[in-house]
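In the text below, chain A, chain B and the rest are named by the order of the sequence lines, each starting its count at 1. The figures here come from the full heavy-atom set of this structure, side chains too, leaving out hydrogens, waters and symmetry mates.
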There are 2 protein chains.
Amino acid sequence: MARLSDIIEEFLKGLIIEEEGTVEIQRNELANRFNCVPSQINYVISTRFTAEKGYYVESRRGGGGYISIKRLNVDSAGDYLMHIITSIGDRISQLTSEVFINNFVDYNIIENREAMIMKAATSDKVLTDVPTDKRDDVRAAILKNMLMSLTVIKRR
Amino acid sequence: MARLSDIIEEFLKGLIIEEEGTVEIQRNELANRFNCVPSQINYVISTRFTAEKGYYVESRRGGGGYISIKRLNVDSAGDYLMHIITSIGDRISQLTSEVFINNFVDYNIIENREAMIMKAATSDKVLTDVPTDKRDDVRAAILKNMLMSLTVIKRR
DNA sequence: CATTTTGACTATCTCTGACTATTATTATAA
DNA sequence: TTATAATAATAGTCAGAGATAGTCAAAATG
């Protein structure tokens, strides 16, 4: 059974592409369309459309309220990478890391193979020997260092 | 009477052939089908679908979670990689790791950018939070998993 | 003894709902 | 008319329930 969150995520990303970088929705309406509670929309947004992941979200309550999601403009891959690197904190979960990496592919900053390598390097599987409480720190360090390495070399 | 683990192994391998190299299952569902505890699935996977045997395993918990198993490539580059992967022991120093990676580039198995990423992911700098005596183990795990990801058969 | 099977406990991710906060609109009072 | 209060229409938060998978060591098996 596919996750509802993934479906909603895809739906929104589709809209964003259609609308060339921005989308505006009403929370209740969207929740209604997908037969879920409104707060699930917040969940999707907070796990998939955060600022660090390259999205800018605004909203307004009250009558005629809305949520708008904008995809950040990326004209320089290097700038974008630096932005991401500084915004990644000292710790990151495997899932969040994967979402980041997928975004890099979406933004054409890395190739699919490169994404696979990065995911392989930051998976929990590989960090079993790291004490649990340090795992997310090490992962963040790995991810950031890999990204740093990309700011040095141009993509063919 | 054949062991349950063997039966499950055969079942999964059959699926992998049918699906041309990759299969995605739900642990509980599979355990249910074979009337065993879920953790037996982990046992089967960890004893029969290891990297050395040519499989790449990923998983995700939570609602809609899954376990995916991918068969690895057996072409010459894949062979070479598998050979390397098995020859890398459980531990590897940063220096040795770099030598390996440089060789991959020389043998045209990976791109320059990919090499940069791999070196970044296996540098000592990134493993400062790992206890010294575990550092080379973690590095070996990272390197092997990255190499393995390259041997995965892609579909799509 | 080595391997397999089991189950209790843990970790992670998703979904839900009650409660809260904010904004817009309408009604009421001055 | 203008200021204020009440009401309606949204969205936000957070903790807990639900749905998975992972780990590890003891028990069973052969």
Worksheet item: Donor-acceptor pair, B/Q26 side chain versus B/G65 backbone, under 3.5 Å?
Response: yes
Practice prompt. Pick base, sugar-phosphate or nothing for B/I41, based on heavy-atom distances below 4.0 Å to the nucleic acid.
Written response: nothing
Worksheet entry | Atom-pair distance (CD1 on A/I45; P on D/dG12), nearest Å | 7 Å
Worksheet item: Who passes side-chain hydrogen bond (donor to acceptor under 3.5 Å, both in side chains) against B/N103, sequence neighbours left out?
Response: none
Worksheet item: If you measure from CG on A/N145 to CG on A/L143, what distance do you get to the nearest 0.5 Å?
Response: 9.5 Å
Worksheet item: How does protein reach along nucleotides 9-17 of chain C, written 5' to 3' as B (base within reach of a heavy atom under 4.0 Å), S (only sugar-phosphate), or - (no contact)?
Response: --BBBBSBB
Discussion item. My understanding is that only residues two or more places apart in sequence, or in another chain, count here; which of them pass side-chain hydrogen bond (donor to acceptor under 3.5 Å, both in side chains) with A/T96?
Written reply: A/S93
Item to complete: If you link ILVMFWY side chains whenever their heavy atoms are less than 4.5 Å apart, which other residues fall into the same cluster as A/L12? By chain and number, please.
Response: A/L4, A/I7, A/I8, A/F11, A/L15, A/I16, A/V23, A/I25, A/L30, A/F34, A/I41, A/V44, A/I45, A/F49, A/Y55, A/V57, A/I67, A/I69
What are the atom names and distances for every N/O pair under 3.5 Å that joins the protein to nucleotides 3-7 of chain D?
none

Worksheet item: Between atom CD in B/E9 and atom C1' in C/dT4, what is the gap in whole Å?
Response: 13 Å
Fill in: salt bridge (Lys or Arg N to Asp or Glu O under 4.0 Å) pairs, two or more places apart, involving residues 22-50 of chain B
B/D6-B/R48, B/E9-B/R48
Discussion item. Any side-chain N or O of B/N42 below 4.0 angstrom from OP1/OP2 of D/dG22?
Written reply: yes
Fill in: side chain to side chain donor-acceptor pair (under 3.5 Å) partners of residues 133-144 of chain A, not counting sequence neighbours, each pair once
A/R91-A/D137, A/D124-A/R139, A/D136-A/R139
Worksheet item: Which whole-number value in Å describes the distance from A/L30 CG to D/dT10 P?
Response: 14 Å
Item to complete: May I have the distance from B/N32 (atom CG) to D/dA21 (atom P), rounded to whole angstrom?
Response: 12 Å
Discussion item. Output the rounded distance in Å from NZ (A/K125) to P (D/dT23).
Written reply: 11 Å
Discussion item. For B/F104, give me all partners under ring-ring contact (aromatic ring centres under 6.0 Å, His included), at least two apart in sequence or on another chain.
Written reply: none
Worksheet item: Which whole-number value in Å describes the distance from B/E24 CD to D/dT20 C1'?
Response: 13 Å
Discussion item. Could you work out, with side-chain hydrogen bond (donor to acceptor under 3.5 Å, both in side chains) as the rule, every residue matching A/T50, not counting sequence neighbours?
Written reply: A/E52
Discussion item. Distance check needed: D/dA11 C1' versus A/E29 CD, whole Å only.
Written reply: 14 Å
Worksheet item: Taking CD from B/E58 and C1' from D/dT20, how many angstroms apart are they, rounded to a whole number?
Response: 17 Å
